[in-house]
Number of protein chains: 2
Amino acid sequence: MVTRGDARREQILYAAMVVFADHGYHRASLAGIAEHVGISQAGLLHHFPTKPRLLTAVLEARDRLDREWLAELDPDGRTGPRLLVNLLRLVDRNRRLGGLVQIYTALAGESVTDDHPARAWFTDRYGRVTASVEAGLLAGADALRPDVDCALLAREVVAVMDGLQLQWLLRPDEVDMVAAFRDYATRLIRSTALDPEPLVALLASAVPVPLPAHAG
Amino acid sequence: MVTRGDARREQILYAAMVVFADHGYHRASLAGIAEHVGISQAGLLHHFPTKPRLLTAVLEARDRLDREWLAELDPDGRTGPRLLVNLLRLVDRNRRLGGLVQIYTALAGESVTDDHPARAWFTDRYGRVTASVEAGLLAGADALRPDVDCALLAREVVAVMDGLQLQWLLRPDEVDMVAAFRDYATRLIRSTALDPEPLVALLASAVPVPLPAHAG
DNA sequence: GTCTATAGGGTGATAGAC
DNA sequence: GTCTATCACCCTATAGAC
């Protein structure tokens, strides 16, 4: 539950999300974030005492958002190859959200450096995300060919989503992540599911309007 | 050709590669790089007048290294699905190189932010890399099923390599990128090549000693 | 809860001696 | 080519008034 007194905090969190996405963590300044909110830098520090703690709060807020999206995307707890249909919808959602997704790519890349304050969080998050995808695959494993390695496959699926996102952020108008992921997921289903064609059809119609590859 | 007078420059380039990889671009300091070389910060600036120009030089040096590796990996200009065997070798090489690969992930993530000095370079590089993979696939397209979209597939392959690398950098001892990429490439060949099994066998023996997934 | 003022640290780049 | 010294800047965080 969110009390009324947290309104300013949420303003700051949102502004910090935007500024971290635009400049990364180390280049973002507290003064810049405070300016977005319309307060002074010292005023900001009243709500979040240090910069790393602001970052932590931002990442936790993103976590909550992610959980809401996943719950909304996957109300029936769909498993096995059908999971890919939900992930395709997630890719499409990320595309429409634009800059707010950038924070992951910008911070994840930055975080691989030695003692980055977000490193533990990302290490953790990848563990949870891949484990969750793996669990989804395992739960529907009876619809998959028996030689599928769900652990390796989970890492692969997450890797494809991240890698496409990086290419898309660098060239949004030339890279169609939805088309690329649909192509990937279709081939993946055909090579791992026991009864692929119904799922392939679902995938083809999962995201309402497939965009042309080079839309202006 | 490299003249003897460039020795110091190369020392600096190497040190910069290491420090950028460890800390990213913005957190790396010229003084820190200079210390690795054993000279002063002002001494460094005699060879590279500004920090962005040092970064550019580092990226260009990595480019040259990459080209040498690719030439060595692919002496016969192998194309089509066989390209994947060479890429698996590249993944293995990256694993063994450790920190020197990190510079790509660290800088690529950082570069998606608005006006990062490496952004244009990465945008360019992804264009070249995906185009080169696509060209390789197209050149061997007669060994592929006719419905394969080489452009989308090229982006996908690059995405898998990048995404796995990020996961591996965050948890080097838990993520086996070679195994994951081999698994991916095997499935990909089976679902796209007209005569997959010889290539699958090649893939299975391509990297001498497959590591156990959770080696200590 | 928000402000101004400032301490205290680090940075990229320049000037000029050797 | 390399150094020391220094400038000018930006940053996080604190102190204390309102």
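Each chain gets a letter, A, B and so on, in the order its sequence line appears, and its residues count up from 1. Values below: every heavy atom of this structure, side chains too, minus hydrogens, waters and symmetry copies.
- For B:Arg125 and B:Tyr104, the positive end sits near the middle of the six-membered ring, less than 6.0 Å away and at most 45° from its axis.
- Straight-line distance from the CG atom of A:Leu44 to the P atom of C:dG1: 13 Å, rounded to whole Å.
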Per-nucleotide protein contact string for nucleotides 4-18 of chain D (B base, S sugar-phosphate only, - none; heavy atom under 4.0 Å): B------SBBB----
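- Nearest approach of A:Val91 to A:Met177, heavy atoms of both residues: O-CE, 3.8 Å.
- Here A:Arg187 pairs with B:Glu156 in a salt bridge; the nearest charged N to carboxylate O distance falls below 4.0 Å.
- In this structure, A:His46 does not reach the C:dC3 phosphate: none of its side-chain N or O atoms is under 4.0 Å from OP1 or OP2.
- Using a 4.0 Å cut-off between charged nitrogen and carboxylate oxygen, B:Asp115 and A:Arg27 count as a salt-bridge pair.
- C:dT11 atom P lies 11 Å from atom CD of B:Glu35, rounded to whole Å.
- Of all non-hydrogen atoms in B:Lys51 and B:Tyr25, the two that sit nearest each other are NZ-O, 2.9 Å.
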